[in-house]
Structure formats: C-alpha cells, structure tokens
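Accompanying notes for the structure given below.
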Amino acid sequence: MRIDFTKMHGLGNDFVVLDGRKQRLPALDAAFATALADRHTGIGCDQLIVLEPSEHGDFRMRIFNADGSEVEACGNATRAVGLLHGRPARIETLGGMISASPCDGGISVEMGKPRFDWDAIPLAYAMDTHTMPLAWEGLASPVAVNVGNPHVIFFVDDPYAIDMERLGPLIETDPVFPERVNVNVAGITARDAITLRVWERGAGLTRACGTGACATAIGAMTRGLVDRKVTVTLPGGPLQIEWREDGEIVMTGPATESFRGNFDPADYGLAAGSTD
Ligand SMILES: N[C@H](CCC[C@H](N)C(=O)O)C(=O)O
C-alpha cells in the first residue's frame with residue numbers, strides 16, 4: 001500500500017506532509033520520521049508533518065523533527081498546511097490550538113501567546129528568563145521564551161559571525177534545558193527589523209524557523225529593542241511578526257508546495273497500514 005506525500009517548505013525550511021485522514025499510515029514513531037527525513041536514503045526534510053482528524057479543530061497537526069522527536073509547534077509548517085487547507089483553519093497541536101488563514105502576504109498564523117516563566121520554557125531550575133544569568137563562550141545573557149516550543153535568544157552584532165555548527169548543539173543539549181531548546185542568534189537592524197539564524201532542536205541549522213522568528217521578535221520587544229510589528233529576516237527570507245495588544249503572536253509569510261509523490265513503507269522496513 002503506497003503512501004501519498006506532499007513536499008513543502010516555508011522559506012526553505014522543508015517538510016514532508018502526510019495526510020493521515022485520507023490514508024492508513026505506519027506507526028508514527030522516531031524510526032518512521034528519521035527514515036523519511038534522511039536526505040540520502042529518504043525523501044529528505046527538516047520536519048515530518050502528519051495531519052489527523054481533530055475533535056477540537058479542523059484537523060490535528062503532528063510535528064516530528066528530523067531526529068525523530070515529536071514536538072509542540074512549527075511555524076513554517078503551520079503556514080504550509082494552511083496553504084494546503086486553502087481556507088481559514090483551526091489547528092490542534094501539542095502546543096495548543098492555533099489558526100491559519102490565507103492572506104495577501106501568503107498565510108497568516110495566530111501562534112498563541114508567549115510564556116516566560118522558567119518552568120514553562122522549561123528550564124531545569126528557577127531563574128530570570130528575561131536575561132538568563134548564563135553564557136556559552138561568547139554567547140551570554142539570552143532571553144528564554146516558549147511560543148508553543150522552547151526557544152533561547154541571543155542578541156549579537158552579527159548573527160553570521162557566530163559558529164552555530166559548534167555552539168548550536170552545545171546549547172541545544174545543555175542540561176539547563178530539560179526538553180532541549182531551539183537556539184536563536186539575532187541582530188537588531190532597526191526598530192522594525194531583525195536578522196536571525198536558528199539552530200533548531202532536533203533538526204540543526206535550518207534556512208528558516210517560524211517559531212524562532214516569533215520567539216526572537218517577542219524577546220526583542222520585551223527588551224524594548226523593536227516595536228510590536230517587525231520583519232524578521234532569516235537565511236531563507238523574511239517573516240512579518242506582530243505581537244498584538246491582546247497578547248497573540250501573529251506571523252505572516254509564504255508557504256510553497258514543491259512536489260507530490262508516493263512511497264512504499266516496506267521500502268523502509270516499516271509495517272504498512274498500522275496506525276498508532
Ligand atoms: N525544531 C522545532 C520544531 C520546528 C520549528 C520550526 N521548523 C518552525 O518553523 O517553527 C522544535 O523542536 O521545537
């Protein structure tokens with residue numbers, strides 16, 4: 001029984017999207033996600049996205065990083081599935097209910113409200129998350145915020161001068177982050193402009209990170225560095241982030257369908273037709 005997929009991306013952060021409402025899928029475990037995400041022996045992606053029926057919204061979106069970890073939120077994928085849905089959608093995720101709507105700028109997503117408490121990030125012990133009293137070599141005093149998933153944000157002069165391949169995994173896996181963390185290095189270029197690079201938990205350096213853009217914008221706003229509407233420019237391109245007066249984070253940006261295909265799970269040694 002072959003499985004249909006849609007290959008998509010948001011500013012180069014790429015996904016394999018499976019619609020579990022229309023077909024039976026193998027067990028959604030780390031082995032399945034890592035096999036499909038492998039860029040040499042699989043289809044290749046930063047995240048595997050699976051759509052399922054939902055009793056609380058239009059559908060449920062499950063998110064698996066390339067390392068197989070299932071996580072709570074993915075901003076770029078939310079725009080991608082919003083494009084597929086083609087009309088406003090209420091989406092159930094592990095990080096809560098969010099919504100996506102087609103708009104002039106592509107897809108606009110209400111990502112929920114940020115959480116700043118140390119145990120909501122989460123951190124391993126209590127500390128000031130507005131300015132964490134910690135440093136990893138030259139990266140110091142970050143903001144920590146949860147926008148459905150955990151982020152730590154360092155403000156630097158030049159994000160492209162930071163050795164993310166070395167410092168990213170070091171910080172991602174530091175025990176102070178019991179659920180690991182997405183690592184953001186950001187430069188403020190104007191009251192409405194941020195430059196950002198992200199080492200993603202479970203996926204590494206990606207061309208864009210939607211939740212990273214949201215977290216970084218919020219962190220910069222809480223420090224008074226930018227206004228409540230900013231353009232966050234990642235290696236793959238720009239996203240518009242607004243922190244609305246009601247506390248909701250709104251992200252707007254493009255989503256792209258690259259191609260469609262199908263595969264036989266048996267080719268990956270995966271049992272076909274079982275669902276978890
Ligand atoms: N790596 C993230 C999930 C994907 C987030 C990113 N691709 C986005 O667009 O928000 C995490 O483990 O929390």
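Counting starts at 1 for both ligands and their atoms, in listed order.
With Glu200, Met111, Arg207 as candidates, the residue nearest to atom 6 (C) of ligand 1 on a non-hydrogen basis is Glu200.
With ligand atoms numbered from 1 in the order given, ligand 1 contributes 3 (C), 4 (C), 5 (C) to contacts under 4.0 Å with heavy atoms of Ala73. Interface of Asn76 with ligand 1, defined as ligand atoms under 4.0 Å from a residue heavy atom, comprises 8 (C), 9 (O). Residue Asn182 has at least one heavy-atom neighbour below 4.0 Å for each of these atoms of ligand 1: 1 (N), 2 (C), 11 (C), 12 (O), 13 (O).
By the 4.0 Å N-to-carboxylate-O rule, Glu52 lies close enough to Arg62 to be salt-bridged with it.
By the 3.5 Å distance cut-off applied to N or O atoms, Glu72 is not counted among the residues near ligand 1. Taking any N or O of Gly210, backbone or side chain, at least one lies under 3.5 Å from an N or O belonging to ligand 1.
A heavy-atom separation below 4.0 Å is not found between Ala203 and ligand 1. By the 4.0 Å heavy-atom criterion, Ile63 is excluded from the residues contacting ligand 1. Residue contacts with ligand 1: Ser69 is excluded, as none of its non-hydrogen atoms falls under 4.0 Å. Judged by the shortest distance from any of its heavy atoms, Val71 lies inside the 4.0 Å radius around the atoms of ligand 1. Under a 4.0 Å heavy-atom criterion, Asp46 is not in contact with ligand 1.
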Considering only distance and modelled atom types, tabulate donor-acceptor pairs under 3.5 Å from the side chains of residues 114-122, sequence neighbours left out.
unit_1	atom_1	unit_2	atom_2	d
Arg115	NH2	Asn146	OD1	3.2

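Taken from CZ in Arg60 to OG1 in Thr93, the straight-line distance is 9.5 Å, to the nearest 0.5 Å.
Relative to the ring axis of Phe263, Arg2 does not place its NZ or CZ within 45° and under 6.0 Å from the centre. Note that Arg260 lies outside the cation-pi zone of Phe5, set by a 6.0 Å cut-off to the ring centre and a 45° limit from the axis.
Residue Asp46 forms a salt bridge (charged side-chain N to carboxylate O under 4.0 Å, His left out) with just one option from Arg39, Arg201, Arg207, and that option is Arg39.
Residues forming a side chain to side chain contact (heavy atoms under 4.5 Å, CB included) with Asp163 (at least two apart in sequence, or on another chain): Glu165, Arg166.
The side chain of Asn13, and not its backbone, has at least one atom closer than 4.0 Å to an atom of ligand 1 (non-hydrogen atoms only; side chain from C-beta on). The side chain of Gln47, and not its backbone, has at least one atom closer than 4.0 Å to an atom of ligand 1 (non-hydrogen atoms only; side chain from C-beta on).
Regarding atom 10 (O) of ligand 1, its nearest protein heavy-atom neighbour is Thr211 OG1, 2.6 Å.
Using bins of under 30°, 30° to 60° and over 60° for the plane-to-plane angle, the ring pair Phe177/Trp136 lands in the parallel bin.
Formation of a donor-acceptor pair under 3.5 Å by the Asn65 side chain with backbone atoms of Gly68 is not found in this model.
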